[in-house]
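First comes the structure, then the notes that go with it.
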Number of protein chains: 2
Amino acid sequence: LDKPIKVGIIGMGTVGSGVVKILIENRDHITQQAGVSVDISRIVVKNPEKNRAVDIDPYLLSTDIHELINDPTVPLIVELVGCPNGSSAIAKDWILQALAQNKHVVTANKEVIAKYGTQLLEAAEKSAGGLYYEASVAGGIPIIKTLQESLAGNRIQSIMGIINGTTNYMLTQMTRFNQSFDSVLKEAQRLGYAEADPTSDVEGYDAAYKIAILSSIAFQTKVPVESVHCEGITKITAEDIQNAANLGYVIKLVAIAKRLKDGIQVRVHPTFIPKTHPLASVNDAFNAIFLQGDAVGDLMLYGKGAGMLPTGSAVIADIIDAVRNIRFNCKPRLSVPNKTEHISSINDTVSRFYINTKVVDKPGVLADIATALGEENVSLQSVIQMGIDHNDPVSLVFITHEVKEINLRKALEKVSQLPTVYKIANVIRVEGANINGGTN
Amino acid sequence: LDKPIKVGIIGMGTVGSGVVKILIENRDHITQQAGVSVDISRIVVKNPEKNRAVDIDPYLLSTDIHELINDPTVPLIVELVGCPNGSSAIAKDWILQALAQNKHVVTANKEVIAKYGTQLLEAAEKSAGGLYYEASVAGGIPIIKTLQESLAGNRIQSIMGIINGTTNYMLTQMTRFNQSFDSVLKEAQRLGYAEADPTSDVEGYDAAYKIAILSSIAFQTKVPVESVHCEGITKITAEDIQNAANLGYVIKLVAIAKRLKDGIQVRVHPTFIPKTHPLASVNDAFNAIFLQGDAVGDLMLYGKGAGMLPTGSAVIADIIDAVRNIRFNCKPRLSVPNKTEHISSINDTVSRFYINTKVVDKPGVLADIATALGEENVSLQSVIQMGIDHNDPVSLVFITHEVKEINLRKALEKVSQLPTVYKIANVIRVEGANINGGTN
C-alpha cells in the first residue's frame, strides 16, 4: 500500500458527523476500496467545545480553516458547512483557494454548486486537483455520477425528479390521511422533518438549486438558479389531492428539465403524475430521479435524499474517488458547462393542466367555460363535476390537452371573468407518460 | 485534444450494433466526454457479407480476431460476442490475451464474467490495462458502477433484483390478463421477447449468472454460479398469481443476495413481493435492483435491462471510462474477490413461505395441517380458504412466519401425507419489507 492520504474536513454538522462515522466504522473496507488508508488530518469547526453526535479525538478539532487549506500535507479537503445565510460565497472562496493549491475538493454544498458551479468547475479544470459534489443533490442517490459517467454516451432528453424529501413527506401525509397543508407542516416541524422556517423546502427553492445542478450536467450548459421557474406546494389543498386521486393521479413536487428543439426548460412545481408512473409510488422522505436518454431509454434512481448516513455515503464515495485520483495522478470527470443553451420562459412551456373551478350550480356553466377556453385554443381531455350533491358553489374540474402556458393564462383570465364562475381555485401542471401502456 | 484512441470491436450482434450506432450518432458528444475522439479500428465478425442493422463501412469489418488483439495501435478491445454454447471459454482466452498485452477490455458477456470473473480480474490487476463489464448485468442500469464506486464506503447488506426481462414480461402478462404460463410463453416467443429455447430465462439461469456477478462485487467474494440456488417460473400458475393478489402481493422472479452473520446467501426463485414494495411495480421487460447498504439505506435502480441501445449505453460508458484511463494512465476500479465467504445452503435459508394446498372439503382439515406444520415449528401468519363455493378439492392457502427452509421441507412432507390433503400445489418464498409502513 502507498502511504496514507490525509483528509481535512470543514464542518461537523449532520453530514460531517455521518462522514466521520463512516470513515471510522468502515475504515478497513474504505482502505481496501481506496487502495490506501484515508486518515482524518483535522476537522475544522466553529466551536470545538460543542457536544458531537460522533465520538472523535478532541485533538482532531481545529478552528483554523486557512491553516488547513494551506497545509501541503493535506491533498484533499471535504467542505461540509451547509449554508447558513450568505455563507455560500465564503465556502466558494475556500474551495477556490484549495483548488488553486491543486487540492481535490469534495463538497455536499448544493447552494455553492448551484450558484458558483461554472466558476468552480473552471478552476477545477485548471487545477491539478478536482471537484466532487455527488452529495449536493439527492443524498445517497448516485445521480451525478450516473449522469457524468454511466450516461456519458447518451444525450439526455429529460429529467423529472422528486428531490426534496420534506415536501414529499408532506404530500404523502396529505394524500394518506386527507390532511391540510398547514396541519401536515406542523406535524413535520414537530418531527424534525421540516425546519422552523420551512420556506426553502415548501416554496421549492431547495429543489430549484438541485435541478439547476442536474440540468447543468445533463445539458452541459449554464443554468442560473434564477432561470428555474419555481412554485411551491403551499397552495395545494386536500381537495386537489382528492381530485387527483379520482382522476388517476398523485400530486408530487417535481423538478423538471427537458431538452427542447431550441434550448431547454427547467422548472419546479407541484405536478399531477399518473398513478402508474414510477415516480408516483415514491413516498415519504424518499427521493427519486426519473430520466430519459437517447440510448438508455427510461432510467430511475430511488433512495434516501438526505440524512447523516445516506448523504455521508455519497461524500465517502467522492472521497474514495478523489483518493484514487490522487494516487494515480488522474483527473476526475468535470462537467464544465461548455454550452449556452437558451432557457425557455415558463410562458412558452407546453403542458397539460388540471384546473379546479368553483362555479354557480346551473345549466350552461360548463359550456361557458369550455367556450372561453376554446377561444384560446385550450382543448379539454376530461371534465368532472366533483360535487355530487347540489351545493353552491360546485366544483368543475378540468384536465386540458397540451397547451402553451401563455395561452392557458389568457384563457383562465377569460374564465375568471365569467359571471357564473366564482373563482379558479387552483391550476396544476400534469406531466408524465403512463408507463404501463400509453400516455394519458 | 490528444490523438484519437482506436477501439477494436469483436462481435456485431444486437449489442455490437447498438454500440456502433451510438459511437457514430453521438460521436461529437462522446469525443467531448472522453476528451479525445474514439475511432473504430475494426469490427471482427464471423461473416462480413451479412446484412447489418447499422450501416458501416465494409473496410471496418475483419474476420481475424488475433490480428486485432495483437495490434499495438489498438489499446482498447470491446468483446461483444454473446455466448453461443461453449464459447465463453474462448471469449475468456481472448480477454486474457488482450490483458496480457496491457490492453483495456470492455465486455458485455455475463457468462464469461460469472464463470471466469476471478481469473480475469486477477489478470486485469496484473495488467497495465483494465476490465470493464457494466453491460454484463441489467443492460442500461449502472448497477456495477454504483456498487463499485458510488457505494464504495458502504457494507452492502442485501440485493434483490428483477434482472431478467423475459420472465418479468411473462409474469406481468400473467398478472394483467390472468393467463397461463404456457400461453404467455408462446406469445412472448411470437413477439421475440423469449427465445425459441427459453430455458435460460424461464429456469432462472440467466438471472443466476447476473446475481453471481453482483454478489461477488457487493461482498468481495467468489460466488461460483453453481452455488446459486436457482428455481424458475415454469410452475407458477394463474391461480398462484391470483392468490398473491388477494393477499396483497405480486409474484416476481427475484435474484437475492444477502449478507448473513456467517457468510452469504445467493438465490434466484419466484417470490411473493408486497404490492407496496418498490420492486412490485417493476413491470414488463424493465429490470430493477433494490439494495441496502449500511450507510445509504435503501436504494433502487430501475431501467431497461436489455436491448441494443440500453446495453449499448452501458458499453459506451465503459469505453469512455477506459479511454480516460488510457489517457491518464490510470487503473479502473477492479472488484477482485479477496474474500472467501461461506455460501449458505438453501436448506439453511430463513424466509416466509406461501403454501397452496388442495384438500378435502370437510371440517378439521385446517387443524390437521396446522398441527403438522406446528410440529416442525412452522407458525402461520395467515390462512385463507380460496374456494368460496364448496368444491372438492378446495384450496387452503397459507403464509408462514419466518422458518428455516429445511424445517419447512420436513413439515410439508408430513402435510402431504395427511389423508385429507390431496396435494401441495405450490410453495413460493415471500420476501421484502413493506416499504410503506412496517414489514408484513
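Below, read A as the first sequence line, B as the second, and so on, with proteins coming before strands; counting in each chain starts at 1. These values consider heavy atoms only, across backbone and side chains, with no hydrogens, waters or symmetry-generated copies.
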Flag the one option from [options] with the top tally of heavy-atom pairs under 4.5 Å to chain A.
options                                    : result
Gly312(B), Ala317(B), Gly307(B), Gly297(B) : Ala317(B)
Gly18(B), Ala152(B), Gly139(B)             : Ala152(B)
Asp294(B), Val282(B), Asn329(B)            : Asp294(B)

Quick check: do Arg155(B) and Glu25(A) have side-chain heavy atoms less than 4.5 Å from each other?
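Result no, sub-4.5 Å side-chain heavy-atom pair not found.
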Determine whether Leu299(A) and Pro310(B) make a side-chain contact, defined as any pair of heavy atoms from C-beta on separated by less than 4.5 Å.
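No, every pair of side-chain atoms sits at 4.5 Å or beyond.
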Is it true that, when you exclude Lys126(B) itself, more than 12 heavy atoms of the residues, nucleotides or ligands shown sit nearer than 6.0 Å to its NZ?
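Result for NZ/Lys126(B): open.
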Is the number of heavy atoms from other residues, nucleotides or ligands under 6.0 Å of Lys222(B) NZ greater than 12?
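No - once you tally the heavy atoms of other residues, nucleotides and ligands closer than 6.0 Å, there are 12 at most.
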Interchain contact, Asn154(B) with chain A, by part (heavy-atom threshold 4.5 Å):
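Interface part for Asn154(B): both.
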Atom of [X], atom of [Y] and distance for their closest heavy-atom approach:
X         : Y         : answer
Gln33(B)  : Gln148(A) : OE1-O, 3.7 Å
Gly140(B) : Val296(A) : O-CG2, 3.4 Å
Ser313(A) : Leu151(B) : OG-CD2, 4.2 Å

Spell out, as yes or no, whether a donor-acceptor pair under 3.5 Å connects the side chain of His29(B) to the backbone of Gly153(A).
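No, the answer is negative, given that no donor and acceptor are paired below the 3.5 Å cut-off.
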Just how far is it from atom [atom1] of [X] to atom [atom2] of [Y], taken to the nearest 0.5 Å?
X         : Y         : atom1 : atom2 : value
Ser150(A) : Asp318(B) : OG    : CG    : 8.5 Å
Ile141(A) : Asp298(B) : CD1   : CG    : 11.0 Å
Thr146(B) : Leu301(A) : OG1   : CG    : 6.5 Å
Glu149(B) : Lys145(A) : CD    : NZ    : 3.5 Å

Of all of Lys331(A), Lys304(A), Arg324(A), which one pairs up most often with chain B through heavy atoms under 4.5 Å apart?
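Top option by heavy-atom pairs under 4.5 Å: Arg324(A).
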What residue, out of Ile22(A), Ile30(A), Asn26(A), Ile316(A), has the most heavy-atom pairs lying under 4.5 Å from chain B?
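Max contact count across the listed options: Asn26(A).
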Under 4.5 Å from a heavy atom of chain B, the part of Leu309(A) involved:
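Leu309(A) touches chain B through backbone and side-chain heavy atoms alike.
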Taking side chain as everything from C-beta outward and backbone as N, CA, C, O, which of these in Lys21(A) sits under 4.5 Å from a heavy atom of chain B? Side chain, backbone, both or neither.
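Answer is neither: Lys21(A) stays 4.5 Å or more from chain B.
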Asp321(A) and Arg333(B) ion-paired at < 4.0 Å:
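Salt bridge present between Asp321(A) and Arg333(B).
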